[in-house]
Amino acid sequence: MSDDEKGYGFKIVVVGDGAVGKTSLIKKYTQGSFKKEYIATLGTQFSKYEEEIDGEKVELFLWDIAGQDQFQALRQRFYTGSSGAIIVFSHSPEQNQSYVHVPRWFDDLKKHCGNIPLVLFGNKVDLIDEANLSSNPGSPTSNINVEQFAKDNKFIGYYKTSALTGQGVTDAFKALVKRLYAIAKISDFA
Ligand code: G3D
Ligand code: MG
């Protein structure tokens, strides 16, 4: 974005265990966008996405991890300069460890990025019966438990998503983008 052009740019990092759907979610959200680039580099990849909020141009740089193995070494560069972050876990019964690991991703973000706006995505809801998430409070990933975790840790929100059907994807990303935009607006006047 050139200096004379009005607008905002936000780097958003998307973290979570391997195969929870990070790349698929980014692709789903940016699908059909006017301008996007998907650039893969060693260990991390990012896509650039433009959208408008209140008639103003917003550029999003969505970063995710390409290979968990190389990630340790790239951690610092990956996190640096992030405006906001998304933690993704999967509701697939075969990936229940991905929710157990959410606090680790949360600590990692805190350590490298401080208090930036965060959103929690519970992806792959298409693979389960969603009714169980509200009727079975004993389950670690029940609505009541995940919502409490998100509230306790000051997440902007918790969204159930499916990169396959598209359910919840736009709402979840937009919650973060709108918050980042609002914060940027306020600091313009500060
Ligand atoms: P990652 O970037 O977090 O590692 P990917 O995860 O986006 O590569 O997704 C891993 C696998 O999960 C992919 O399947 C992808 O199609 C699938 N997936 C992602 N999101 C969803 C979802 O919401 N629902 C379902 N059912 N599957 C999803 P493959 O078979 O290509 O490995
Ligand atoms: Mg990926």
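Only heavy atoms go into these numbers, but all of them, side chains included; no hydrogens, no water, no symmetry mates. Note that ligands are numbered from 1 as they come in the structure, with each ligand's atoms numbered from 1 the same way.
- For the pair Ile26/Tyr49, no side-chain contact is recorded, criterion being any heavy-atom separation below 4.5 Å from C-beta on.
- Residue-ligand proximity, Ser162 to ligand 1, at heavy-atom distances under 4.0 Å covers atoms 23 (O).
- Of the candidates Asp126, Leu25, Asp64, Asp126 brings a heavy atom nearest to atom 26 (N) of ligand 1.
- Annotation: Ala19 places an N or O atom under 3.5 Å from an N or O atom of ligand 1; distance criterion only.
- The proximity of Leu127 to ligand 1, defined as any non-hydrogen pair under 4.0 Å, is limited to the side chain.
- Between Tyr29 and Phe173, the two ring planes are parallel [angle under 30°; tilted spans 30° to 60°].
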What side-chain donor-acceptor pairs closer than 3.5 Å can you find for residues 85-92, not counting sequence neighbours?
{"residue": "Ser90", "atom": "OG", "partner": "Ser92", "partner atom": "N", "Å": "3.0"}
{"residue": "Ser90", "atom": "OG", "partner": "Gln95", "partner atom": "OE1", "Å": "2.6"}
{"residue": "His91", "atom": "NE2", "partner": "Tyr158", "partner atom": "OH", "Å": "2.9"}
{"residue": "Ser92", "atom": "OG", "partner": "Glu94", "partner atom": "N", "Å": "3.2"}

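- Residue Ala163 has at least one heavy-atom neighbour below 4.0 Å for each of these atoms of ligand 1: 20 (N), 22 (C), 23 (O).
- When only modelled atom types and interatomic distance are considered, Lys160 and Asn123 share no side-chain donor-acceptor pair under 3.5 Å.
- Contacts between Asn123 and ligand 1, counted as non-hydrogen atom pairs separated by less than 4.0 Å, involve the side chain only.
- Residue-ligand proximity, Ser24 to ligand 1, at heavy-atom distances under 4.0 Å covers atoms 5 (P), 7 (O), 9 (O), 15 (C), 19 (C), 20 (N).
- Considering backbone and side-chain N/O atoms, Thr161 never comes within less than 3.5 Å of an N/O atom of ligand 1.
- The Mg ion (ligand 2) has no N, O or S atom of Ser24 closer than 2.8 Å.
- Proximity of a side-chain donor or acceptor of Lys22 to a complementary backbone N or O of Asp17 within less than 3.5 Å is detected.
- The CG atom of Asn96 sits 9.5 Å away from atom NE2 of His101, with the distance rounded to the nearest 0.5 Å.
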